[in-house]
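Since the model is a prediction, treat every value here as computed from it, not as a measurement. Naming convention: chains lettered A, B, ... in sequence-line order (proteins, then strands); numbering from 1 in each chain.
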Amino acid sequence: MIVQVLGLFARRLLVAIPILFVVSALVFVVLRVLPVDPAAMSMPPNATKAEIEMKRQEMGLDRPLPEQYAIWLDKTVKGDLGSSIHFRRAVSSLIAETLPATVELALLAMLIAAALGFAGGLLLFHLRGTWRGEAADLGSTVLMSAPDFLWGLLFILAFGVLWPLLPFTGRLASSFARPVHTGFLLLDTLIEGRPDMFLDVVKHMLLPATALGLAFSVPIMRVLRSSLYEIDHADYIRQARLRGVSEGRILLRHALKNAVLPTLTLMGVQFGFLFGGTLLIEVIYSYPGLGNLMVDAVRNADLPIIQAVALAYAAVVLIINMIVDGLYLVLNPRLRTV
Amino acid sequence: MTNALTRRSLLGATALGFLGVHALASKVGARAAESDSVAIGWPQDVPSWDPNQRFVPDAQPMFKMVFDQPLDQDPKLKLIPNVVKSWELAADARSLPVELRDDVVFHNGDKMTTADFRYTFFERIKAGHKVDIANSWRKVTDIEIVSPTKAVMRFDSPAPTAPQWLAFLGSYVVPKDYMEKTGVDGFREKPIGSGPYRLAEYQLNARIVLERNDTYWGPKPKMRRVTFEIIKDPSARVAATQSGEVDLTISVPVREVQRLKSEPNLAGELNPITRVILLQVRNDLGFADENVRLAAHHAIDKKALSQAFYGGAAVPLSVPATPGTAAYLDDYRFSYDPELAKQLLAKSGYSTEKPAKFTFASTNGNFPSDYDIARALVQMWKKVGIDADLEVIEYAKYFELNRGAKLPEATLYSFDNATGDPEIFAGYLLNPKMPFSAWKGMEIGQRAIDLFNVANYDERVAGYKALNKDAVESGASIPLLQSVQTLLRKKNLAYTRYENGWVRADTMAWS
């Protein structure tokens, strides 16, 4: 099985290279045709035209677009993503500083979405055909119809202001000195052996992650319910009932195991959207991740950051999809025989 | 035993989940303020910890805590000594002798001398460091070191605002030896200043923690620890103040200040500052006709704009300067007169049936209510016979569009001038050679250019006063309002209000 999973990863990695190439080319061209002059943006307002022109040459912006792209691609492959116009720092260091925060947030949000989705799916299935089932279905529609940033604002108002239960700014209380190991704070606090700090990080992540995960939990709920409906009429489920197995045991031991597979595929697809949702949520929650950096970059027309962040987003989504596909292979023995 | 999913088990699981979250979450809102620490909700991070690098007005109150500027300003904006204890601009404004205090030490214990001063304002620039101060100090030909505490700045042309610039954007003395040892990147990682606080912790886009510098040469701040929480969303800043996560914040919506100032523990302020909201206008296209420009100005009810968008706290302006600054004209008013506007338009053949047309640009979210003001202006103009096509631009693109002569006839603009000096108001806004000025007409423009070389202060101020009036009366400038800084704070947190909007943690104290 491990060989098959590794083989899948290798194939996916091969496919990822042209995808990233196309994404980078698209982003590069789109940013270059925008009426924004990175050379002018990188100079103070009172810079002269001559100084800006000199800067333009220094940045290689006077060269043809394909040549500019080739230079950028060559540097990117070597790990040099250029220098930020606003921060005047290496973009790679900015990405390295912010990416772990976003990945951590998105993974927790997905976990919350999955937990809510599975619980909700089981509940919807359990209440099927009753008025409670109808009400629960309506409730799930309400959950899905509000966008994540709206949930974000509502949670701040409810659990931050009116009922101050959870913090809603940053990643860690100011009373703690932030440990610096991997950038993944949950991991770093464990490396430090500080459960109190770990708990504080979780508290800081709960509201943004829930806001992010809530809307994504509903499709999971519904796909799980539909899968359970289908499986409920399968022969092996009928036979289990005839054998006198309890409904709960049938649901959790037999039906759920098979119903989970389409849900897993959906989660892989959803992750891309969820990861993109971090942009607004990070700004609302002052969460220092990639999304926050991207919003800053857009505001300052910081093209080197915009193109690098776009590439980082694409890479993370590809990696997560690859992991989900691997998981699918592990959970579904039928695929391993193909 | 059965595994059936029952209502009881479901309710039980829900209750357990709820209790779990409740146990996990402690009461964060009741963060007790320590008597010597303060948390400030700030809308923007520093661009980097090299204070000479980028001109970002919102970063100045943070830089001023860690680094020292040669000169400082008092709350009324008068220039006062700082690490430079005396200075005297030469009569021809081509040199500026300065004398440093001899008791200033950087956070690493190194003594500040004129070598550091020369390094900051001359050597870094010559060495090609990518710093914005290279532009503000481009006239410097040399800084002669007379002694460890005495130096003379020399300029290639008159620099009448050099003293003001020593207390303005980006002008912070950095330690020469330390920066040469660590390199610029190393310095940004571990910055060393000589200010009242030292940097204890920094997390990009999240938090800045400052600890009091107990060896500071000046008055010791009351707050031992200052935390800037970077909160970019205005609603989140309001919520953070309400919940007690921060003790003070700025740049929140006016309506929130009005709503929350009745809260028992909060104080809300609308403070006019040295920032003007104005229309930057061109002298060609649809605005080539002076009658149209003046009609556009007479049609604007500035008092109504202030009332509608700033609770009446923004002072209507008739000149591009704020009240209390040197070239403000106390007794001059440009009238709101829609009838006169119609008459001026009629002279040029326009009416409500046959309106004058032009394009008008505004930012959306660059300063409070900017886009709302723009929409109100369009309606005011419509009533007198002007049809303005409103378009939204990003603030960052203003300079680029202006350089390429691509700005429309009028642009709603906000211009900050912490010094209050008239050169940095009318001079920058009307000098056609400056990137801020959309006006390229030389009858007004040349007068602004000439004033940059007037060394005598009184003569300079008189020149700017006359220029302000003439620019407005010829339609070269359409000032609207004095900008307002919105501020929310805990009622028992006192701070010193500066007329330029600086919110300085070293002046804060709990009462």
Let me know if Ala173(A) has heavy atoms under 4.5 Å from chain B in its side chain, its backbone, both or neither. backbone
Under 3.5 Å, side chain of Thr182(A) to main-chain N/O of Phe184(A), donor-acceptor pair present? yes
Does any backbone or side-chain atom of Val131(B) lie under 4.5 Å from a heavy atom of chain A? Answer side chain, backbone, both or neither. backbone
Give, as side chain, backbone, both or neither, the part of Leu204(B) having an atom under 4.5 angstrom from any heavy atom of chain A. both
I'd like to know which of Asn205(B), Asp233(B), Asp45(B) tops the heavy-atom pair count under 4.5 Å against chain A. Asn205(B)
Quick one: which of Lys433(B), Arg237(B), Lys397(B) has the most heavy-atom pairs under 4.5 Å with chain A, could you say? Lys397(B)
Tyr428(B) vs Phe452(B) aromatic rings, parallel, tilted or perpendicular, using cut-offs 30° and 60°? parallel
Value for CG (Leu166(A)) from NZ (Lys203(A)), rounded to nearest 0.5 Å, stands at 7.5 Å
Regarding Arg128(A) and the six-membered ring of Phe125(A), is the cationic atom NZ or CZ under 6.0 Å from the ring centre and inside 45° of its axis? yes
Need one label for Ile52(A): side chain, backbone, both or neither, based on atoms under 4.5 Å from any heavy atom in chain B. side chain
Picking from Arg207(B), Gln44(B), Lys130(B), Glu229(B), which has the most non-hydrogen pairs under 4.5 angstrom with chain A? Arg207(B)
Highest number of heavy-atom pairs under 4.5 Å with chain A: which of Arg188(B), Lys406(B), Glu394(B)? Arg188(B)
Among Arg88(A), Glu97(A), His86(A), single out the residue with the greatest number of heavy-atom pairs under 4.5 Å to chain B. Arg88(A)
Ser217(A) side chain to Gly117(A) main-chain N or O, any donor-acceptor pair under 3.5 Å? no
With a 4.5 angstrom heavy-atom cut-off, which part of Thr98(A) approaches chain B: side chain, backbone, both or neither? side chain
Under 3.5 Å donor-acceptor, Asp247(B) side chain and Val38(B) backbone: no
Do the ring planes of Tyr413(B) and Tyr398(B) sit parallel (below 30°), tilted (30 to 60°) or perpendicular (above 60°)? parallel
